[in-house]
Structure formats: structure tokens, C-alpha cells
Amino acid sequence: KNKQVKAAFFVTEDYIKRNPQLIKRMQAEGHTVGNHSSRHLSSPELSDNEFSQELTKTANTYKEITGYDMPKIFRPPMGDYSERTLALAHNMGYKTIFWSFAYKDWETDNQPGKDVAYNTVMERYHNGAILLLHAVSSSNTEALPDIIDSLKAQGYSFETLNTLQ
């Protein structure tokens, strides 16, 4: 917020239920809040009906909390997908979003530190990059202002996922 950069947050149904005020804030501040499924299960292991329910339940909970329809973007849990699940998401009106790079930053008890987070991004960014940074990472939280400043100084801008459509 302080750097005036909008982000995309892919959230599960449980995360929405546990953090309703934060979800409302994300939406109110103009961030994109996308669907990361209800239970964070491997999509290819689900039946067609189970897959559909994973997305529908999350979208319905988002609407109950915010009063708005959840954007039709989906990030498969763990990046697990198949041609079938890509087609199912597409048939439900979703655009499936992947990432340019990610690193092991989600273990809250095993954080790599600000410098590692900063250097990881700065070594791997590129034009059009989609950075997967987990919000639970204290390392990312500490490094993000410097990452944003460094990339802006190099002439990069930060766009929302809506520009992909």
C-alpha cells in the first residue's frame, strides 16, 4: 500500500473465513483476490464435481464476505494441474494463472531472511514476470519495499493481472 502497488492474492475458502477483514481490505484497496480453491488439494486428484465445488465454494464465501463477485482467476494449489483441470476451470469461466518463479518461502518457522528474499527476486525477475511470494513470509514482507524500489528504479512498473486478459 505504501508503495502504491496492487497485488494479486490467491486465497482459499478457509483463509477468507479466518481473515474476513483482511479480505475486505484487499478488495477495497483495489487488489485482485483470486481463487486458490476451498481446501488446497491437488486439482488433478479431484473428480470433475469436486473440482467445481472447490472453486464455487471459495467464490461464494468471498461474495458472502465482501458483497462482490470473486474475479474469475484461479491458481492451482501447489501448481498441480492437468489438461482436464485446465479445461474444467476454463469451462467455469476461469483464467488459470501460474507464475514465473517461486521459492520456498511459505514455512513460517523457516524463513530465509530479508536478503535471501530480495536477492532471489532480483536474480530471477524479468519483463512480464509474475512473482509468487507467499504473504505469510516475514522475509518477503521485509524485502518487498526494497524490491519494489529497485525494480521501479530500473524502469519496471507493476500491473494487475487484469492486463493479461
Can you tell me how far apart [atom1] ([X]) and [atom2] ([Y]) are? Round to the nearest 0.5 Å.
X: S37; Y: E50; atom1: OG; atom2: CD; result: 12.0 Å
X: K72; Y: M92; atom1: NZ; atom2: CE; result: 6.0 Å
X: K63; Y: T58; atom1: NZ; atom2: OG1; result: 15.5 Å

Does any part of the side chain of [Y], heavy atoms only, come nearer than 4.5 Å to the side chain of [X], both counted from C-beta?
X: E54; Y: R39; answer: yes
X: K17; Y: T61; answer: yes
X: F158; Y: Q4; answer: no
X: F74; Y: S43; answer: yes
X: S52; Y: T56; answer: yes
X: M70; Y: I65; answer: no

The side chain to side chain contact (heavy atoms under 4.5 Å, CB included) partner of I147 among T120, V121, N119 is V121
Does [Y] offer a backbone N or O that forms a donor-acceptor pair with the side chain of [X] under 3.5 Å?
X: Q111; Y: S139; result: yes
X: Q27; Y: Y68; result: no
X: T32; Y: A8; result: no
X: R75; Y: T96; result: no

Do other residues, nucleotides or ligands put more than 12 heavy atoms under 6.0 Å from Q154 CD? yes
In this structure, are over 12 heavy atoms from other groups packed under 6.0 Å from N2 atom CG? no
Return the set of residues passing ring pair (Phe, Tyr, Trp, His ring centres under 6.0 Å) with F9 (not counting sequence neighbours), or none when no residue passes. H31
Those residues at least two apart in sequence (or on a different chain) that pass ring pair (Phe, Tyr, Trp, His ring centres under 6.0 Å) with H40 are H36
With sequence neighbours left out, what residues match D149 under salt bridge (Lys or Arg N to Asp or Glu O under 4.0 Å)? K3
Same cluster or not: are [X] and [Y] linked, directly or through other Ile, Leu, Val, Met, Phe, Trp or Tyr residues, by side-chain heavy atoms under 4.5 angstrom apart?
X: L22; Y: V5; answer: no
X: M26; Y: V136; answer: no
X: L161; Y: L131; answer: no
X: L133; Y: I97; answer: no
X: I73; Y: L88; answer: no

Judged by modelled atom types alone, do [X] and [Y] share a side-chain donor-acceptor pair under 3.5 Å?
X: S38; Y: E13; answer: yes
X: S157; Y: E159; answer: yes
X: S137; Y: D105; answer: no

Any salt bridge (Lys or Arg N to Asp or Glu O under 4.0 Å) pairs touching residues 108-132, not counting sequence neighbours? K114-D146
Could you walk me through whether R18 and I23 satisfy the side chain to side chain contact (heavy atoms under 4.5 Å, CB included) test, starting with their C-alpha distance in whole Å, then the side-chain angles of each, then the deciding distance to 0.1 Å, before giving a yes or no? CA-CA 9 Å; R18 286 185 293 111; I23 296 295; over 6 Å; no
Would you sort out whether L46 and L41 count as a side chain to side chain contact (heavy atoms under 4.5 Å, CB included), showing the intermediate values? CA-CA 8 Å; L46 302 173; L41 302 174; 4.0 Å; yes
Nearest atoms (heavy-atom pairs only) where [X] meets [Y]:
X: T85; Y: F51; answer: O-CZ, 3.7 Å
X: N35; Y: F10; answer: O-CD2, 3.7 Å
X: F98; Y: G79; answer: CE2-O, 4.2 Å
X: E142; Y: P145; answer: O-CD, 3.6 Å
X: L151; Y: M122; answer: CD2-CE, 3.9 Å
X: Y94; Y: A59; answer: OH-CB, 3.8 Å

Determine which pairs satisfy ring pair (Phe, Tyr, Trp, His ring centres under 6.0 Å) with at least one residue from residues 104-125, sequence neighbours left out, and list them in order. W106-H134, Y125-Y156
Taking the six-membered ring where the residue is Trp, are the ring centres of Y62 and Y15 under 6.0 Å apart? no
Taking the basic N atoms (NZ, or NE/NH1/NH2) and the acidic carboxylate oxygens, is any pair closer than 4.0 Å for E29 and K1? yes
Could you tell me whether K104 and E107 have a side-chain N and a carboxylate O separated by less than 4.0 Å? yes
Rest of the hydrophobic cluster containing M78 (Ile/Leu/Val/Met/Phe/Trp/Tyr, side-chain heavy atoms under 4.5 Å)? none
